[in-house]
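What follows is a single structure, and I will ask about it in a moment.
Each chain gets a letter, A, B and so on, in the order its sequence line appears, and its residues count up from 1.
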There are 2 protein chains.
Amino acid sequence: MKIGELARLAQCTVETVRYYEKAGLLPSPGRTGSNYRHYGDAHLARLRFIRNCRALDMTHDEVRALLGLVDQPESDCGGVNRVLDEHIAHVDVRIKELKQLKQQLVALRQSCHGEQAVLACGIVQSLATMETETRHERQTHLG
Amino acid sequence: MKIGELARLAQCTVETVRYYEKAGLLPSPGRTGSNYRHYGDAHLARLRFIRNCRALDMTHDEVRALLGLVDQPESDCGGVNRVLDEHIAHVDVRIKELKQLKQQLVALRQSCHGEQAVLACGIVQSLATMETETRHERQTHLG
DNA sequence: GGTTGACCCTATAGTAGCTTCAGGGTGTCC
DNA sequence: GGACACCCTGAAGCTACTATAGGGTCAACC
């Protein structure tokens, strides 16, 4: 099949497919006489795998790691489990970070007591003077 | 003060300060005879404001909106409250998304029943065959 | 035979928010 | 005058794409 059909079947764009090829996630397919990419079912399966991983917010490095493991089908699946467990841990960390962030934001929001002037607004004053001991270094790739 | 001291006081890097200037968040300071940037306390206050907003995961657009409001100190602070409320809503949405993602991941993780071969692993099989009706479009700038 | 339209190709630039690097100038101490 | 910390600009790199420019291919229709 040609790239347009592949993309449709995997629910992504043609540009994304070409991008994955350049990024080394999807192997380069054969070409027709007119230089069109020509894909088979194995390509579709691999692309679906990649899209599913991406839908689960894995990075390309994580996907690459999984694909590397899948390409050794007789080896045991401990590595797969490990990648997933680490990814779940990333998600957990990010949820905790965001919950803490929300608390900070709600507290900040409450420091405005309905004044009229921006000058007197508790939010603006806090943002201007807060010493950022509250800095959080992002622990994961999840923004 | 020079850029190095400013950066130290605001807990960021010199490069970040120059980047904020180019991005239009921090006004261009005066220059010394040897073309060094020369900052005053107003610059420090503004930089701290920006860094605090960024520590709260606001985008540059959100920060720009807040700075625009702050620069009209007599106007009322309803706009500030609105920016904050919207940002809190973004954070809420992202927390919900991540919780749902975690559920998917945990379910996927449980589909491995301790097989040895990658080929038979329920995780790998799911990732290869799942139809991604579970696709989630990101609703916010928070990754 | 010409042309329309859907599809394909490559290469490049843009997105956010920085970080890093190359290649230089400045200022002060010893 | 040499070492070293600091400053400057401009461009490239990061992630995971998306978009754009400028072209080639193929089948159908008139």
5' precedence on DNA chain C between A:R8 and A:K22 (nearest-nucleotide basis) = A:R8
Roughly, in whole Å, what's the span from CD in A:E21 to C1' in C:dA11?
-> 14 Å
Using a heavy-atom cut-off of under 4.0 Å over every strand shown, decide if B:R37 touches base, sugar-phosphate, or nothing.
-> sugar-phosphate
Does the side chain of B:R31 get closer than 4.0 angstrom to OP1 or OP2 of D:dC7 through an N or O atom?
-> no
The reported gap from CD1 in B:I95 to CD1 in A:I95 (rounded to nearest 0.5 angstrom) is 8.5 Å
With a 3.5 Å cut-off and no angle check, do the side chains of B:R51 and B:Y20 form a donor-acceptor pair?
-> yes
Any Lys/Arg nitrogen of A:R64 or A:D61 sitting under 4.0 Å from an Asp/Glu carboxylate oxygen of the other?
-> yes
CD1 of A:I123 to CE of A:M130, rounded to nearest 0.5 Å, is 12.0 Å
Does OP1 or OP2 of D:dC17 have a side-chain N or O of A:Y20 closer than 4.0 Å?
-> yes
Any B:S34 side-chain N or O less than 4.0 Å from OP1/OP2 of D:dC8 = no
Sorted by position of nearest nucleotide on DNA chain D, 5' first, the leading residue of A:E15 and A:T32 is A:E15
Check whether any side-chain N or O of B:R64 sits under 4.0 Å from OP1 or OP2 of C:dG17, and answer yes or no.
-> no
Between D:dC17 and A:R54, is there an OP1 or OP2 to side-chain N/O distance shorter than 4.0 Å?
-> yes
Before accepting this row, confirm whether a basic side-chain N of the pair A:R18/A:E21 lies closer than 4.0 Å to the acidic partner's carboxylate O.
-> no
D:dA16 phosphate, OP1 or OP2, under 4.0 Å from A:R18 side-chain N/O = no
To the nearest Å, give me how far apart CD (A:E62) and C1' (D:dA16) are.
-> 14 Å
Nucleotide C:dC18, atom C1' - distance to CG of B:D57 in whole Å | 14 Å
Phosphate OP1/OP2 of D:dC17 contacted by A:T13 side-chain N/O (<4.0 Å) = no
Do B:Y36 side-chain and C:dG27 base share a donor-acceptor contact under 3.5 Å?
-> no
Do the side-chain N or O atoms of A:H60 get closer than 4.0 angstrom to the phosphate oxygens (OP1, OP2) of D:dC14?
-> no
Between A:M58 (CE) and D:dC17 (P), how many Å, whole number?
-> 13 Å
What integer distance in Å separates B:L25:CG from C:dG17:P?
-> 9 Å
Gap between atoms CD and P, on A:E5 and C:dA6 respectively (whole Å) | 18 Å
Can you check the B:D61 CG to C:dG17 C1' distance for me, whole Å?
-> 12 Å
Whole-Å distance separating the OH atom of B:Y19 from the C1' atom of C:dA16 | 6 Å
